[in-house]
Amino acid sequence: MAGTQRYLRYIIFALICLILLFFISSSSTVPSANWPSYSSPVDAVPSPQPPQDPKDASQTPATTPNDAGKLPPATADGDRMNATFVTLARNSDLWEIAKSIRHVEDRFNRKFNYDWVFLNDDDFNDEFKKVTTALVSGKTKYGKIPTNHWEFPDFIDQDRAAKVREEMKEKKIIYGDSISYRHMCRYESGFFFRHPLMLDYEWYWRVEPSIELYCDINYDTFKYMAENKKKYSFVLSLYEYVETIPTLWNAVKNFTQAHPEHVVEGNSMKFLSDDGGETYNHCHFWSNFEIGNLDWLRSKAYIDYFDSLDHAGGFFYERWGDAPVHSIAAGLMLKKEEIHFFNDIAYYHVPFTHCPTGEEYRLKHKCHCNPKDNFDWNGYSCTARYYETNNMDKPAGYEKEQ
Ligand SMILES: Nc1nc2c(ncn2[C@@H]2O[C@H](COP(=O)(O)OP(=O)(O)OP(=O)(O)O)[C@@H](O)[C@H]2O)c(=O)[nH]1
Ligand SMILES: *[C@@H]1O[C@H](CO)[C@@H](O)[C@H](O)[C@H]1NC(C)=O
Ligand SMILES: *[C@@H]1O[C@H](CO)[C@@H](O)[C@H](O)[C@H]1NC(C)=O
Ligand SMILES: [Mg+2]
């Protein structure tokens, strides 16, 4: 009996050894067994296993050697700017903002490690904080919005506002019946840059849930803004939905009449108006992406502008978005050279894509957007108008993308 057991144990041990041996040998032989199927017919003689010197161009390589553009270092040298990412979000936005963070980190921030400020009208929960802190390479900060920045101001007539929401709902205007969307637009227009957590910074990059970045960004975009005297920037521009802003331009005209000192010479009026300022053409920079200067938003000029629009009531009696509000401010109160188009930041926010024009750039920066999706030269984009306003030549090859 004891002998049979020892015999059985011996057989099991031998079997395990055989299985182990099989795995070790197959894991190293499988790839080399497949190797010949990748080689071109010209390269009949199998090349030695460690691939030949990539500089030896006389031989057709079996695979495309990836010796162009090594991966950038994990951390870029040099000083950091006084800058942060900023996101307004609800706890329920966690998994969509997680995707955005991953894109921003992979394409940019893992090299720079900038901070990230999260703002919410409610308290962020532990899960939101835990997950986002794990994803961001810089410091993360979580702020609750003071209630007086997220409520109806006392000068707003509640009944009138409620009636408008009812009407907009019937007209099926997107977010037309939403109160929270209006608070969000007003907050992004006039308050986020004044949140105590934001006072510590001079520059911001706004990120929304579910966005994507498609190319590597290997330089410090904040430093670029500072060194080139830029105050505001965009990647996508388009026409605003007229029904959300019927009296916005009148309110702007009231403001510029009351405060002509805030309107700058050499501004981008040509981008905003086709008749020298009489009417608004509805062009705006899409503000779900922004890299900008917080001190400009905190300036007397911008605050006077926001207060004037706020008292006109259109955030509640209409549905003014922060995109036209920011864009008109940048268009009238900044010199046109102070607004930058980041052609090199490939970006998606449903439903539009900015994919840089020019194949050479896209390949060099490992872009993964389909150039056919680029919105820039579409008839509904205002980006061609931006180029014309600034007397800039459009990027080579843009005609082919129209
Ligand atoms: N804390 C908080 N954040 C909000 C609220 N509504 C919207 N946001 C955030 O404000 C930003 C803009 O809201 P979105 O819902 O993306 O609005 P949108 O970009 O016009 O529309 P979408 O096409 O739905 O993306 C996002 O960062 C949202 O997470 C809210 O009620 N509370
Ligand atoms: C960053 O900018 C803010 C706002 O301009 C300023 O108050 C703060 O002192 C700056 N911090 C540093 C370290 O320069
Ligand atoms: C602009 O000012 C005029 C005169 O004060 C006022 O009647 C009008 O309602 C204002 N328009 C807006 C949109 O605020
Ligand atoms: Mg959004």
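Quick caveat: nothing in here was measured; it's all calculated off a predicted structure. Read the numbers this way: they start at 1 and go in the same order the structure lists the ligands and their atoms. Numbering of residues begins at 1 and proceeds along the displayed sequence. When reading the values below, keep in mind they use all heavy atoms of this one structure, side chains included, and skip hydrogens, waters and symmetry mates.
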Have a look at ligand 1 and work out which part of N120, if any, has a heavy atom under 4.0 Å from it: side chain, backbone, both or neither. both
Taking R110 for the side chain and V104 for the main chain, is one N or O donor matched with an acceptor at less than 3.5 Å? no
Identity and distance of the protein heavy atom lying nearest atom 28 (C) of ligand 1: L88 O, 3.4 Å
To which protein heavy atom is atom 6 (N) of ligand 1 closest, and what is the distance rounded to 0.1 Å? R90 NH1, 3.3 Å
Atom 11 (N) of ligand 3: which protein heavy atom is closest, and how many Å away? N254 ND2, 3.0 Å
Backbone or side chain, does any N or O of E188 fall under 3.5 Å from an N or O of ligand 1? no
Can you report which non-hydrogen protein atom sits closest to atom 17 (O) of ligand 1, along with the distance? Y181 CE1, 3.5 Å
So, for Y387 and Y398, is the gap between ring centers shorter than 6.0 Å? no
Out of curiosity, is T87 lining ligand 1, as in a heavy atom under 4.0 Å away? no
Which bit of Y187 gets closer than 4.0 Å to ligand 1, counting heavy atoms only: side chain, backbone, both or neither? neither
With heavy-atom distances below 4.0 Å as the criterion, list the atoms of ligand 1 near H349. 19 (O), 22 (P), 23 (O), 25 (O)
Closest protein heavy atom (residue, atom, distance) for atom 14 (P) of ligand 1: E208 OE1, 4.1 Å
Note, P146 side chain near H195 side chain (heavy atom, < 4.5 Å): yes
Please report whether atom 4 (C) of ligand 3 has a protein non-hydrogen atom at a separation of less than 4.0 Å. no
Under 2.5 Å between the SG atoms of C355 and C367? no
